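Here the structure is laid out as structure tokens; the discussion comes afterwards.
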Amino acid sequence: MIQYIKKIDMNFQQLETFRWIVRLKSFGRAAIKVNSTQSTVSMRLAELEKELGIVLLDRTRRSVHVTPKGRDLLRYAEEIALLVSEIRHNVGDARTMSGTLRVGVAELIALTWLPQLVHAIKETYPLVAVELQIGLGGGMLELLKAGELDIVLMPNGNQLEAGMHAESLGKVRFGFVTSRELGVSAQPQTPSDLVKWPVITHGAASVLHGILMDWCSDGGVQPTRIVTSNSMEASAILAAAGLGITFLPLFYYEPWLKEGRLMRVLVSPSIPAIQFSAIFPQGRQTPFVDPIVRLAMQHSSFSELVPSV
């Protein structure tokens with residue numbers, strides 16, 4: 001008895017299109033990612049489903065919803081994408097590699113050594129597009145877990161979520177600062193003393209916000225007058241204007257301290273220097289990740305412990 005085996009004509013382009021539809025939860029965004037039109041994306045998905053004889057996406061729902069068989073295929077599609085990237089990276093010339101690297105970056109890094117890192121990436125991988133997202137650590141970690149970022153460069157407060165790996169980029173000493181006009185005592189302030197003043201801090205998603213709140217909580221208090229600012233520079237300007245006390249990297253604002261635009265607020269207990277890290281999911285990643293992390297470690301201007309001012 002002769003058995004005929006159906007030929008499967010799926011190709012890498014179809015698998016990549018399916019992978020990006022699921023990742024980005026949108027046909028339109030997937031079309032942009034694979035440099036195609038939305039109609040072509042829909043056609044590739046339909047061809048893939050026809051070849052496999054299965055339904056990959058549940059079209060009865062308004063949002064992109066993957067079927068059980070679709071989830072099975074997604075695992076293979078991710079593995080194939082990684083293998084293709086590894087072949088290009090390990091066998092091909094790095095200067096001919098192309099692709100997109102999505103990096104989340106903390107504001108302090110963006111204001112200091114990020115330009116040098118991006119220049120080094122472009123020197124090593126001239127055809128790789130670097131997409132940067134500058135923002136608060138907590139929000140970027142969520143994007144990292146969702147697969148929408150490849151690496152995050154941020155403070156992690158010596159804590160790391162399960163499933164994530166971190167490489168040290170050095171430590172930075174932060175401190176409380178304000179305007180002399182606010183009238184804060186030169187004596188070390190306890191948490192109880194500090195919360196008598198307005199506190200200027202990042203939003204709840206920020207790692208620095210969490211460190212500040214934990215310090216207050218350990219002292220048995222919580223700030224009642226909080227000014228939220230999602231910009232380190234804006235926080236410095238508000239503090240210099242006498243609108244409250246804020247928590248900033250001392251080395252970066254040393255000129256402001258020397259000029260008298262800001263004054264240091266000593267506290268007791270002191271807050272240890274804050275760890276910055278390159279964070280990425282554990283397990284197999286795009287081959288870009290390891291060399292980019294090494295470049296970040298090489299170009300970081302953060303010493304292991306920046307002295308206090």
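The structure displayed is predicted, hence computed values, not measured ones.
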| said: Over 60° means perpendicular and under 30° means parallel, so tell me whether Phe302 and Phe251 are parallel, tilted or perpendicular. | reply: perpendicular

| Do other residues, nucleotides or ligands put more than 12 heavy atoms under 6.0 Å from His119 NE2? | no

| field | Contact check, side chains of Val103 and Asp150, non-hydrogen atoms, under 4.5 Å | value | no

| Should we say atom CD of Glu181 is surrounded by more than 12 heavy atoms from elsewhere, each under 6.0 Å from it? | no

| said: Apply the hydrophobic cluster definition, ILVMFWY joined by side-chain contacts under 4.5 Å directly or through others, and give me every member besides Val221. | reply: Val195

| Among all residues two or more places apart in sequence or in another chain, which pass the salt bridge (Lys or Arg N to Asp or Glu O under 4.0 Å) test with Arg23? | Glu78

| said: Check Glu16 with Arg19, please: is the shortest side-chain N to carboxylate O separation under 4.0 Å? | reply: yes

| request: Decide whether Asp193 and Thr190 meet the rule of one side-chain donor and one side-chain acceptor closer than 3.5 Å. | output: yes

| Hey, does Val66 have a side-chain heavy atom less than 4.5 Å from the side chain of Leu73? | no

| query | Given Met154, which of Val105, Val207, Leu144 fulfils the side chain to side chain contact (heavy atoms under 4.5 Å, CB included) condition? | reply | Val207

| In terms of heavy-atom contacts, does CG of Asn35 have more than 12 from other residues, nucleotides or ligands at under 6.0 Å? | no

| query | Is there side-chain contact between Tyr252 and Val172, with heavy atoms separated by less than 4.5 Å? | reply | no

